[in-house]
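Notes for the one structure printed next.
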There are 2 protein chains.
Amino acid sequence: MAKNTATAAPTERSGGDAARQPTRRERRTLRQEAAVNAAFTLAEREGVAGLTMRRLGQELDVDAAVLYRLFRDKDELLLAVCERTIETILGEIGEVPGDEPWQDTLRRIAEATWQVQTRFPAITVLTFARTTGGPCEARLVELQLATFTRSGLAPAAAVLYYRTFVDTALGLCAHSAALSSLDPEVREKDATAWTRVYAHLPADEYPATRAHIDQLSSVSQKALYDTAVEAVIAAIERAADGS
Amino acid sequence: MAKNTATAAPTERSGGDAARQPTRRERRTLRQEAAVNAAFTLAEREGVAGLTMRRLGQELDVDAAVLYRLFRDKDELLLAVCERTIETILGEIGEVPGDEPWQDTLRRIAEATWQVQTRFPAITVLTFARTTGGPCEARLVELQLATFTRSGLAPAAAVLYYRTFVDTALGLCAHSAALSSLDPEVREKDATAWTRVYAHLPADEYPATRAHIDQLSSVSQKALYDTAVEAVIAAIERAADGS
DNA sequence: GCAGAACTGACAACACCGTTGACAACGTCG
DNA sequence: CGACGTTGTCAACGGTGTTGTCAGTTCTGC
């Protein structure tokens, strides 16, 4: 075991062109990439708490201390992982046709975000509130702001709705990811809480709960996400019409 | 130092009526309440990583091992803290007039959630995806489901929009809380990332970003939250009209 | 070619974490 | 009084992020 193949990592990159001997600096970034790859596989296999420097070193057949020559600390590694996540989202978005209605572009972005964030829930939980300041993040922000500009909103309103859109999507993705990346035992405990206690509430004090008990557990996170995204898009349409 | 006064804890409770000698069981729950209180003050003073069993014991002038006689493990303590948070939200909501339009009830709930969750960001981050199965949670769910029933939605749609509303609010609160409860240094690093790198992007490749650079940092989390909440409420209104 | 610098790796150590067990003091009830 | 449940202290276990040291290896400049 303990190969550094990183099978589950997104957007595997070969890191350049020819078979030229890589310089030191290139080798360094290459190993950083490998570490980021391993972080993805490790986090998704072992959960949020499983992504530790020691285990990551183990995954790469290397002492944990070596990682501190690639990243100043664990936080910097997490930011690198976060950048890679954004890069994967950009790849999932693909090319945006110039004449695509801005609504569909937003839907495309929301869909890509959901796909990637739910593919790596542990990573999402660890990074959803961070700012990388990296190139991929910049490109994604630019794409989104350009889309909102196309909607015809005035700059101030565009920024307000841009952040509403982004944070709503991110918050929901993180919430869903947090749910699906609890420890299995805790997850079980929380999940059964619904049927365990809610089904036994006195019907006279909790009529609404009793009336909806069956439906409650059948709402999928994705349906809820889509509903929220559409609600925000509709709000933007109304704001754009009014201005 | 290390008083157990818990000044910042919400919904301080005196724990009952008379000066009757408390039974053993009452004393036990009393000390549990004290621990929960201390957990609030500690978490908000020291941040997410500062809420440890050892420091919590220190806060109560007691060895950490004692806490394991009050709660099976740290997770159970966290759930108790979560229940108390919900209790505080219920208190902030107050009495709902029977004839209040359901939209205003939802606004009231959203506002109370925001107020409480941002008052205790560290706690929010630690508990936002958990289910307590406790009485306060049950009462809050009942209140919300009853409100959605008043909107006239069919049961299935009511549940879908209920969960959309709740998860959107929770996700945004958690996102905001996560931002404001990063370590100060990390927080600084992330915050300055915007002005540090975004202000220096080439204007030809990032026109939209450059055009909105000033506005970007001036959007408050609260404004964004209100916008999202109104968007969801509007979506519910349309769904209720259509049905 | 070869010395010196730069890099890479392994190991031990530090302080801290959640958690457990053993053991002493205390009050209460029979 | 003795037995017992409760409360508290202490030490320990395995784990965490992180740092420093020391040995090799690899590259660079002369």
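Quick note on labels: first sequence line is chain A, next is B, and so on, each numbered from 1.
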Test A:Glu111 against A:Lys222 for salt bridge (charged side-chain N to carboxylate O under 4.0 Å, His left out), laying out the working first.
-> CA-CA 10 Å; A:Glu111 180 68 19; A:Lys222 183 62 191 326; 3.2 Å; yes

Heavy-atom contacts under 4.0 Å between residues 45-57 of chain A and DNA chain D, which residues?
-> A:Leu51, A:Thr52, A:Met53, A:Arg54, A:Arg55

Report which part of the nucleic acid B:Arg28 touches: base, sugar-phosphate, or nothing (heavy-atom distance under 4.0 Å, all strands).
-> nothing

Take atom CD of A:Glu76 and atom C1' of D:dT18, then tell me their distance rounded to the nearest Å.
-> 14 Å

Calculate the interatomic distance between B:Asp183 atom CG and D:dG17 atom P; express it in whole Å.
-> 14 Å

Separation of B:Leu67 atom CG from D:dC10 atom P, in whole Å?
-> 15 Å

Counting heavy atoms from C-beta on, name the nucleotide in D:dT9, C:dT19, D:dG20 closest to the side chain of A:Ala65.
-> D:dG20

Quick one: pull up OG in A:Ser217 and NE2 in A:His212 and give me the separation to the nearest 0.5 Å.
-> 13.0 Å

Decide, yes or no, whether a salt bridge links B:Arg187 with B:Asp183 under the criterion of side-chain N to carboxylate O below 4.0 Å.
-> no

State which residues pass ring pair (Phe, Tyr, Trp, His ring centres under 6.0 Å) with A:Phe71; sequence neighbours excluded, sorted by chain then number.
-> none

Euclidean distance, atom CD of residue B:Gln32 to atom C1' of D:dT6 [Å, nearest integer] | 14 Å

Residues B:Arg130 and B:Glu137 bridged, charged N to O under 4.0 Å | no

Rounded interatomic separation in angstrom, taking CG from B:Leu70 and C1' from D:dT6 = 11 Å

Rounded to the nearest 0.5 Å, what's the gap from OG1 on B:Thr118 to CG on B:Leu179? Could you check?
-> 12.5 Å

Per A:Lys74 side chain, nearest of listed nucleotides D:dT9, C:dA10, D:dT18 = D:dT18

Are A:Lys189 and B:Asp75 close enough for a salt bridge, meaning some N to O gap below 4.0 Å?
-> yes

When you get a sec, tell me which of D:dT21, C:dG18, D:dT18 is the closest nucleotide to the side chain of B:Tyr68?
-> C:dG18

Which nucleotide in the list C:dC11, C:dG9, D:dG8 gets nearest to the side chain of B:Val66?
-> D:dG8

Closest nucleotide of DNA chain D for B:Arg69 versus for A:Ala64: which of these residues is on the 5' side?
-> B:Arg69

Quick one: B:Arg72 CZ to C:dG18 C1', roughly how many Å, whole number?
-> 15 Å

Are B:Arg27 and D:dG5 close enough that a side-chain N or O sits under 4.0 Å from OP1 or OP2?
-> no

In whole angstroms, how far is the P atom of C:dG18 from the CZ atom of B:Phe71?
-> 14 Å

Expressed in angstrom and rounded to an integer, what is the separation of B:Asp73 atom CG from C:dC17 atom C1'?
-> 14 Å

